[in-house]
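Heads up: the structure comes next, in structure tokens.
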Amino acid sequence: MTENEFMSAPNELGHFGSFGGRFVPEALMPACLELETAFVEAWADPTFTAQYQRVLREFAGRPTPVTPLRRLSAQLGIELYAKREDLAHTGSHKINNVIGQTLLTKRMGKRRVIAETGAGQHGVATATACAQMGLECTVYMGEIDTERQALNVFRMELLGATVVPVTSGSRTLKDAVNEAMREWVTCVEDTHYCLGSVMGPHPFPWMVREMQSIIGHEAAAQLNDLGVTTPDVVVACVGGGSNAAGVFAGFANTTARLVGVEAAGGSAVGKGSPGVLHGMRSLLMQDEFGQIEEAYSISAGLDYPGIGPEHAYLADIGRAHYFAISDEEVIGALEVLSLTEGIIPALETAHAVAWILKEVGREIPLGSKVLLNLSGRGDKDVAQVREMLRGQG
Amino acid sequence: MTENEFMSAPNELGHFGSFGGRFVPEALMPACLELETAFVEAWADPTFTAQYQRVLREFAGRPTPVTPLRRLSAQLGIELYAKREDLAHTGSHKINNVIGQTLLTKRMGKRRVIAETGAGQHGVATATACAQMGLECTVYMGEIDTERQALNVFRMELLGATVVPVTSGSRTLKDAVNEAMREWVTCVEDTHYCLGSVMGPHPFPWMVREMQSIIGHEAAAQLNDLGVTTPDVVVACVGGGSNAAGVFAGFANTTARLVGVEAAGGSAVGKGSPGVLHGMRSLLMQDEFGQIEEAYSISAGLDYPGIGPEHAYLADIGRAHYFAISDEEVIGALEVLSLTEGIIPALETAHAVAWILKEVGREIPLGSKVLLNLSGRGDKDVAQVREMLRGQG
Amino acid sequence: MTSLEKYLRELRSSGRKALVPYFVAGVTPDWITYIEAAAHAGADAIEIGIPFSDPMMDGVVIQEAALRALDAGTNLDSISADLSALTASVPLIAMTYYNIFHHYGVERAAGKLQSSGITGAIVPDLPLEEGAEWFAACATHDVASILLVAPSTPNDRVARITSATQGFCYASARMAVTGRSSDGGEGGRVVERIRQTSDIPAYIGIGITSPSQAHDASMAGDGVIVGSVLVQAVLDGASASEIELMVRQFRLAID
Amino acid sequence: MTSLEKYLRELRSSGRKALVPYFVAGVTPDWITYIEAAAHAGADAIEIGIPFSDPMMDGVVIQEAALRALDAGTNLDSISADLSALTASVPLIAMTYYNIFHHYGVERAAGKLQSSGITGAIVPDLPLEEGAEWFAACATHDVASILLVAPSTPNDRVARITSATQGFCYASARMAVTGRSSDGGEGGRVVERIRQTSDIPAYIGIGITSPSQAHDASMAGDGVIVGSVLVQAVLDGASASEIELMVRQFRLAID
Ligand SMILES: Cc1ncc(COP(=O)(O)O)c(C=O)c1O
Ligand SMILES: Cc1ncc(COP(=O)(O)O)c(C=O)c1O
């Protein structure tokens, strides 16, 4: 938890530049303050961080390896490495954050966790950590998503969680967050809200980034072992931005170029403007009157109209750069990585892959050393991809 | 590759006691001999084993952790640990063997790999390793299995493999092995047959065991780090027996009791008798005239009427013990592990879990230190389990 | 002191408990008639909900009404235009989420409220710490920024909130979003804690759905806010005179 | 020397090329009539396939026939019983997979073959190295154990095989399972390599599906084995006289 020039702690209001903050109903303010205090104390407590690291090691399979993607590198004319969050328990980086927050829940003496989920990755991860630690767990999920991702609903139920279909608004992720916040108001006493990305009110964006920064710190050391002192480019997909923030954290104060890749249909940096939603001031997709727009992406995990406030800030100051990838480009990238490297990435991750494939020789000079954060595995998406390829062919 | 008293190399004919051997058509004999020589040389070559270990580390995520299952331990009154092969790339231990064999394929100068698969786990693992190494790959899969496991077929295809539906016989795993052998005859020159378990003709049972023994060796060291010098019981599910052989190898010459758990409908030790099939003499389920019987199990990976010859031998000399678990007991065990530890196991693995749940206080004295080989993750089975639980009401 | 606060303090001095009904702007084409009806029935001020796509503090009833209003194309400009037809002279208080004002531009938004005859604003997701810009804009345009105190708010925060709130202090009767209600809630205790720090009028709201609940709340506080039950009636197709009748029952209960 | 080998060596001395048709026992209720027909048509010995559930060396045609026979309840005992009705006097050679004999008990199985009038046995999945028990049992019961040499067999192995095989040495014409065929195969080269090590009669089989292929093979070897094409005809419903005609064509081609 070193003090960085870039990606250090936000100010006491949770501001990253003009972004972040804590835009919550007064009823939740004490819980946010309590959480901030608890997090700051825990994160400075070697006993806590050791426990966090132990659970990640013993239970979640950390450290995940860095894999040199040799065949794809040769084809592209760059040196490409993948940080393998797909190998973490439950299949993505989401577990890192969730283990940190559930441990914190126990430390705060709370007995119950609520969470929102879109496709179900964060929900499954939360249900998993709660089962492992013996916490009660309720997951809010848009009704449409519960239908699209019925298997993930069943997975959460197997893990002992209660899944509540959210029938308000667009009945997807954005509304699941609204509903989780509404519910949190009624049970802050004994319940922690385990937010799934670097978003929401302070201290969530900072806390989740810190709990994901293990990705970047591991990767930096592992690349070093592979002879790469500093990569030229670090690339990650961005939904809320937690995997990106996690990997960026390991390289923020190096010369590495940091690149976040959004879905074209959920491109808060590309198409958004500053706004306030879900407890934070950040970049949001919204209409002329400030009504939040529906995101649409082929990948449920990037289907969010906002972005974490720290990313908005990093974009603002030019420390990180954000690009958008269209649905059409994603499937091809998933196929290329599967075929040449034997890794079927999540559709979310495939956005980052697609950007690399597209930009070699342009944004990525030939010969560059590139680190791809392979945020998750594609098993969850295989049925969908199959349908889509059938549709095409 | 130390010389053990138990689980040392078989004799020059590939015999483990009266089991094993090389019962193949003359046309395949030279290939088996060539493979044996190549394996013996490679396995004694530090460059090769280092490469094997490097790929497992960098690509497949080894070492997989040993997780203390604290909540379940407390409930059961034993000390239970899980070796987490579910966290290996592609979701099970199958990748260990496949990486060894594909590296060997390259070393032998062959350019192509064929494999059999039942549910598709070994097929996906083989397709994965072939993609990673740039080998051509054809997978034989019973026609019925290609229908039941259409998503795994698609996965293999995404990874660049050709999947050939086998229409002969019962159109399941047993026939896929037959067909792979038939095809191998026609292409032994440039093609390696990557068998998926500790079965088939010598050197496969030995070679696959050696390539899986990394499970047991890692686990022994990891348990030691957790303060367990020697576990009292080591438990693994048994289809062909590769994950069991792999974990047993780390404990064969300790006082640990070794337990293999078969599916009641595929119980070669429980219901079988000595016979010859697929190149080996082992225990087989067969009728009074020596016709091989169909296995039936809820879990496709245990749906095999035989068992690896070394297991037949270990059963024979009493070094390992084999029990059978019925389909009905499996689902409950899957639910218990999911609920109490946040790990949804593969249906195969759930057999081993079920045996533990059932035998605590009987075969497993209270207070025992038990190592469960958690051979694979349940994601592949979740749809099936959901249907079954629905069926129950 | 803003005009609204002056008015409400005088109301209290007169011994009258304040009744503040809430309606969602734009929920029907003739939503203005509900405002007129409520004013007729004796409302002392009226909360006008400006619909937002993601109403984090609202329960299903108000969510549904907001959605209808948005589908009908409601926005700050259309509301302002609609309000120009209002004949009743009753203080109006805007209630919405911060993004609506933030996106419109806080200065411009406060001006718009003023020019629409709105003299107060409740922005439940804008806490004390983040409000400076908005509060300043409101000050310029004589719009009272009304803050909430929740049952969970610690005492030191109550003091800071009551010293910043204008018009009145909104005492949240329960840890819940709008619309939920079964018991009387903790409004009385919240009001007590407010009074220990300030003499600002303290109104109780959130989950007040029956006249008898309103009566109890008015015993503890200086006024009551009644929302979801009215909005539900509107959603169910109530006429303006039916709404007038409902508001009158609340009026009777607290007088 | 087994009776079979003596007989086949004499056949060779007489200058006659051996024709060995193959049928699956039990494939039809009256399968014995095919054996009679083939004997009539000039077969010098007949291979009788004992069906096995997992025929690893067989292509689709023989697999299908084996499946039909198994479905009809065929087993070693039923075959033996059926054979007792055979009138033709032609050497019979059993062909099956090792598990059939292994499970029956090798001693008992060899005795059963003998008592059924079978004087040779081909067990393609039982290699030299694993055969000792079976070979010994066969020896006791005057059953010739016939071994195969494949195109891939290295020379030193060829020598060991030819010194162990009895009756004849089966020269596999190609690297394939039964039934596949397009070209002439490598049978000639395999026979040459067999002859460099032994004077045992060498018969060519695997994939010989036409009389002209049989003719070519008979030029190189001492006999030919013809299987799948006959089994296919049986599966297609050929009558015994049609089979007789087919075998006669092969006979003509190699004489
Ligand atoms: C594999 C994977 N990658 C990325 C994301 C996007 O989340 P974030 O931007 O917080 O990393 C998700 C969300 O579900 C995911 O499952
Ligand atoms: C997870 C898992 N465990 C066990 C098995 C059984 O194989 P083996 O007995 O060779 O370990 C399989 C086979 O597919 C499997 O997928």
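If you're wondering where the values come from, they're calculated on a predicted model, not measured in any experiment. First the proteins, then the strands, lettered A, B, ... as listed; each starts at 1. Side chains included, hydrogens not; waters and symmetry mates left out as well; all remaining heavy atoms used.
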Can any side-chain N or O of [X] pair as donor or acceptor with the backbone N or O of [Y] at less than 3.5 Å?
| X | Y | result |
| --- | --- | --- |
| Lys83(B) | Thr64(B) | yes |
| Ser73(A) | Leu80(A) | yes |
| Tyr81(B) | Ala219(B) | no |
| Glu348(B) | Gly301(B) | yes |
| Asn373(B) | Asn243(B) | yes |

Identify the residues of residues 54-61 of chain B whose heavy atoms come closer than 4.5 Å to a heavy atom of chain A, ordered by number, or report 'none'.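 Against chain A, the residues of residues 54-61 of chain B that fall inside the cut-off (heavy atoms, under 4.5 Å) are Arg54(B), Arg57(B), Glu58(B), Phe59(B), Ala60(B), Gly61(B).
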Could you list which of residues 377-387 of chain B have a heavy atom closer than 4.5 Å to any heavy atom of chain A, in residue-number order?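 Those residues of residues 377-387 of chain B which have a heavy atom under 4.5 Å from chain A are Arg377(B), Asp379(B), Val382(B), Ala383(B), Val385(B), Arg386(B).
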Identify which of Gly134(B), Ala88(B), Ala161(B) forms the greatest number of heavy-atom pairs closer than 4.5 Å to chain A.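 Between Gly134(B), Ala88(B), Ala161(B), the count favours Gly134(B).
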Please classify the contact between [X] and chain B as side chain, backbone, both or neither, with a heavy-atom cut-off of under 4.5 Å.
| X | answer |
| --- | --- |
| Ala82(A) | neither |
| Leu226(A) | side chain |
| Leu337(A) | neither |
| Thr340(A) | backbone |

Check each atom of Ala129(B) against the heavy atoms of chain A and say whether the ones under 4.5 Å are side chain, backbone, both or neither.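 For Ala129(B), no heavy atom lies under 4.5 Å from chain A.
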Side chain, backbone, both or neither of Leu69(B) within contact of chain A (heavy atoms, under 4.5 Å):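 Nothing of Leu69(B), per the 4.5 Å heavy-atom cut-off to chain A.
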Sort out for me which residue in Val98(A), Ile95(A), Val139(A) forms a side-chain contact (heavy atoms from CB on, under 4.5 Å) with His122(A).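 Single pass found, and it is Val98(A).
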Select, from His89(A), Met133(A), Gln222(A), the one with the greatest count of heavy-atom pairs under 4.5 Å involving chain B.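 Most heavy-atom pairs under 4.5 Å with chain B: His89(A).
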Max heavy-atom pair count under 4.5 Å with chain B, selected residue of Leu72(A), Val124(A), Thr67(A):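 Between Leu72(A), Val124(A), Thr67(A), the count favours Thr67(A).
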Extract all donor-acceptor atom pairs below 3.5 Å that involve side chains of residues 148-160 of chain A and protein atoms in other chains or at least two apart in sequence.
from      : atom 1 : to        : atom 2 : distance (Å)
Arg148(A) : NE     : Asp145(A) : OD1    : 3.3
Arg148(A) : NH2    : Asp145(A) : OD1    : 2.5
Asn152(A) : OD1    : Arg155(A) : NH1    : 2.5
Asn152(A) : ND2    : Ala119(A) : O      : 3.1

Step-by-step side-chain contact (heavy atoms from CB on, under 4.5 Å) determination, Ile331(A) to Leu347(A): CA-CA 8 Å; Ile331(A) 299 287; Leu347(A) 280 174; 4.2 Å; yes
Give the intermediate values and the outcome of side-chain hydrogen bond (donor to acceptor under 3.5 Å, both in side chains) for residues Thr349(A) and Ser375(A). CA-CA 6 Å; Thr349(A) 314; Ser375(A) 59; 2.7 Å; yes
Residues Glu136(A) and Lys110(A) bridged, charged N to O under 4.0 Å: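 The answer is no: the pair does not qualify as a salt bridge.
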So that I can tick it off, tell me whether Arg71(A) and Glu341(A) are bridged by a salt bridge, with the cut-off set at under 4.0 angstrom between side-chain N and carboxylate O.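 Looking at Glu341(A) and Arg71(A), the cut-off is not met.
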Tell me, with the steps shown, if Gln212(B) and Asn97(B) meet side-chain hydrogen bond (donor to acceptor under 3.5 Å, both in side chains). CA-CA 6 Å; Gln212(B) 291 290 6; Asn97(B) 166 42; 5.5 Å; no
Note, Lys106(B) side chain near Leu103(B) side chain (heavy atom, < 4.5 Å):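 Counting from C-beta outward, Lys106(B) and Leu103(B) never come under 4.5 Å.
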May I have all residue pairs that pass salt bridge (Lys or Arg N to Asp or Glu O under 4.0 Å) and include part of residues 121-133 of chain A, sequence neighbours excluded?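 Passing the test, one end in residues 121-133 of chain A: no pairs.
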